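Worksheet: the structure to be examined is printed underneath.
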2 protein chains.
Amino acid sequence: MTTRNMEDYLEAIWNLQDKKGYVKAKDIAERLGVSRPSVSGMIRKLSENSYILYEKYGGIVFTAKGKKLAREIKKRHTLLVEFLKIVGVDEQNAQQDACKLEHDVSPETITCLLEFVEFISLLPESSRWKENFQEYLKKRGLLGRSSNKNKKL
Amino acid sequence: MTTRNMEDYLEAIWNLQDKKGYVKAKDIAERLGVSRPSVSGMIRKLSENSYILYEKYGGIVFTAKGKKLAREIKKRHTLLVEFLKIVGVDEQNAQQDACKLEHDVSPETITCLLEFVEFISLLPESSRWKENFQEYLKKRGLLGRSSNKNKKL
DNA sequence: TAATAAAGTTAGGTATGCCTAATAATATTA
DNA sequence: TAATATTATTAGGCATACCTAACTTTATTA
């Protein structure tokens with residue numbers, strides 16, 4: 001099994017690979033806000049569990065297993081962000097929350113959220129669902145804020 | 001600050017208090033699927049942090065601070081369950097997922113979900129939003145299953 | 001009330017994951 | 001190429017949270 005932390009590292013590695021074409025321990029550390037020794041430790045662990053290939057002082061490459069998992073995590077993340085935006089969470093918060101939530105959503109819930117997002121996107125223009133919801137949020141003064149921290153729970 | 005674990009224990013205590021009128025370490029252990037020594041440790045911690053009042057071999061009582069937090073956690077949980085059910089997650093999965101998700105949702109997202117749930121419940125009968133969504137799910141064969149584990153991510 | 005059972009605590013150990021300080025390897029550049 | 005700077009690793013420790021085994025306290029009941 002993978003821990004939430006292993007998933008975070010895998011996702012970070014995936015994103016770095018995507019963005020820079022290669023992955024350095026130092027960059028992982030920066031991205032996750034963690035010390036380099038922590039990264040070293042996790043790299044060993046991910047390597048021992050065959051999610052990545054690694055040799056000391058060498059480069060990091062996904063195994064098939066690791067790639068598959070990283071891709072799933074990434075998809076989960078993207079889906080969550082999409083969903084959160086639909087219900088009115090702003091981009092930045094959506095990104096942050098997705099990172100935290102993505103470890104805990106069950107496959108059943110993932111499926112439901114996926115269906116929900118699709119359903120909304122497939123609604124005919126005439127339904128104006130999104131517009132109505134946005135209207136509703138606006139009326140309640142909840143749109144276009146960067147934070148609602150002080151709102152009632 | 002509270003850890004995710006402290007929150008879980010506080011919620012368990014809240015629920016037991018609610019259901020039985022009193023709280024025994026043994027019941028907490030059972031509810032959380034954890035050993036009695038683990039409960040002892042956490043009780044000490046919660047007590048040291050003034051969430052509960054406790055004396056060795058005695059009863060457990062919330063402080064004002066603890067009660068406030070426990071109530072918030074509980075509300076968060078209820079909201080998440082409500083929301084998950086709206087998007088088609090079955091009761092049991094909704095309960096389980098809510099337990100895991102409730103620690104990570106930001107206040108802003110909580111607010112949005114709350115608005116969403118309210119918005120849906122306030123829709124006029126004529127909109128038949130829920131029915132349409134259920135219809136959609138049914139067509140895709142996703143309703144009334146106990147699990148969708150094998151569905152695509 | 002004395003023996004037994006149930007509940008709670010302490011002691012000691014495991015695993016994850018983080019940190020700083022010190023060391024080793026690789027890269028850079030003088 | 002030799003000195004320096006960068007990057008990565010190991011060593012040693014801290015905090016959380018869990019466990020089992022042994023012990024203590026409280027409750028039950030014979």
Side-chain angles (χ1 to χ4, degrees), chain A residues 1-13 16-17 19-62 66 69-70 73 99-104, chain B residues 1-13 15-17 19-62 66 69-70 73 96 99-104:
Chain A
M1 264 309 285
T2 57
T3 64
R4 135 184 336 242
N5 242 296
M6 286 162 81
E7 290 189 3
D8 278 336
Y9 278 85
L10 283 173
E11 192 181 2
I13 293 170
L16 286 168
Q17 183 59 252
K19 202 176 79 181
K20 308 182 66 173
Y22 62 90
V23 188
K24 292 271 173 191
K26 183 205 149 213
D27 298 321
I28 301 174
E30 252 165 44
R31 185 169 245 275
L32 295 178
V34 124
S35 72
R36 272 168 299 188
S38 299
V39 176
S40 276
M42 183 54 83
I43 282 175
R44 184 168 54 244
K45 188 171 179 179
L46 290 175
S47 179
E48 278 165 9
N49 287 83
S50 301
Y51 290 104
I52 57 174
L53 295 173
Y54 187 67
E55 278 175 52
K56 271 188 199 174
Y57 299 100
I60 295 169
V61 188
F62 278 119
L69 181 53
I73 293 166
C99 287
K100 289 180 284 172
L101 298 177
E102 65 196 16
H103 304 292
D104 295 318
Chain B
M1 262 311 283
T2 58
T3 64
R4 134 186 337 244
N5 242 297
M6 287 161 81
E7 290 189 4
D8 279 336
Y9 278 85
L10 284 173
E11 191 180 3
I13 293 170
N15 287 326
L16 286 168
Q17 183 59 251
K19 201 177 78 181
K20 308 182 66 172
Y22 62 91
V23 187
K24 292 273 173 189
K26 184 206 148 210
D27 298 320
I28 301 174
E30 253 165 43
R31 185 169 245 276
L32 295 179
V34 124
S35 72
R36 272 168 300 189
S38 297
V39 176
S40 275
M42 184 53 85
I43 283 175
R44 184 168 54 245
K45 187 170 178 179
L46 290 175
S47 179
E48 279 166 7
N49 287 83
S50 302
Y51 290 104
I52 58 174
L53 296 174
Y54 187 67
E55 279 175 49
K56 271 190 201 176
Y57 300 99
I60 295 168
V61 188
F62 279 118
L69 182 52
I73 293 166
Q96 286 183 348
C99 289
K100 290 179 286 170
L101 298 177
E102 64 197 19
H103 305 292
D104 295 319

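Each chain gets a letter, A, B and so on, in the order its sequence line appears, and its residues count up from 1. None of these values were measured; they are calculated from a predicted model.
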Expressed as a whole number of angstroms, how long is the span from [X]:[atom1] to [N]:[atom2]?
| X | N | atom1 | atom2 | result |
| --- | --- | --- | --- | --- |
| Tyr54(B) | dT9(C) | OH | C1' | 8 Å |
| Asp8(B) | dT16(D) | CG | P | 16 Å |
| Ile60(A) | dT7(D) | CD1 | C1' | 12 Å |
| Arg44(B) | dA17(D) | CZ | P | 13 Å |
| Ile43(B) | dG8(C) | CD1 | P | 8 Å |
| Glu30(A) | dT7(D) | CD | P | 9 Å |
| Leu16(A) | dT7(D) | CG | C1' | 15 Å |
| Ile28(A) | dT7(D) | CD1 | P | 14 Å |

- Message: Taking side chain to side chain contact (heavy atoms under 4.5 Å, CB included) as the definition, give me every residue that meets it alongside Tyr22(A), ordered by chain and number, with sequence neighbours left out.
- Response: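 Here the qualifying residues are Lys20(A), Lys24(A), Asp27(A).
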
- Query: Tell me, for nucleotides 17-27 of chain C in 5' to 3' order, what letter each nucleotide earns: B for a base near a protein heavy atom under 4.0 Å, S for only sugar-phosphate near one, - for neither?
  - Reply: SSBBB--BSS-

[atom1]-[atom2] distance between [X] and [Y], expressed to the nearest 0.5 angstrom:
| X | Y | atom1 | atom2 | value |
| --- | --- | --- | --- | --- |
| Met6(B) | Met1(B) | CE | CE | 9.0 Å |
| Asn15(B) | Arg31(B) | CG | CZ | 4.5 Å |
| Glu7(B) | Leu69(B) | CD | CG | 6.0 Å |
| Thr3(B) | Met42(B) | OG1 | CE | 5.0 Å |

- Ile13(A) and Ile28(A) have their tightest heavy-atom pair at CG1-CD1, 3.7 Å

- Query: Which residues within residues 46-53 of chain B lie with some heavy atom under 4.0 Å of an atom in DNA chain D?
  - Reply: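 None - not one residue of the stretch has a heavy atom sitting under 4.0 Å from the strand.
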
- Message: By the side-chain hydrogen bond (donor to acceptor under 3.5 Å, both in side chains) test, which pairs, at least two apart or in different chains, include something from residues 36-51 of chain A?
- Response: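 Residue pairs passing side-chain hydrogen bond (donor to acceptor under 3.5 Å, both in side chains), neighbours aside: Ser35(A)-Ser38(A).
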
- Message: Once salt bridge (Lys or Arg N to Asp or Glu O under 4.0 Å) is applied, do any residues pair with Lys19(B), and if so which ones, sequence neighbours excluded?
- Response: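 Salt bridge (Lys or Arg N to Asp or Glu O under 4.0 Å) check on Lys19(B) returns nothing, list empty.
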
- Item | Results of salt bridge (Lys or Arg N to Asp or Glu O under 4.0 Å) for Glu11(B) - residues two or more places apart only | none

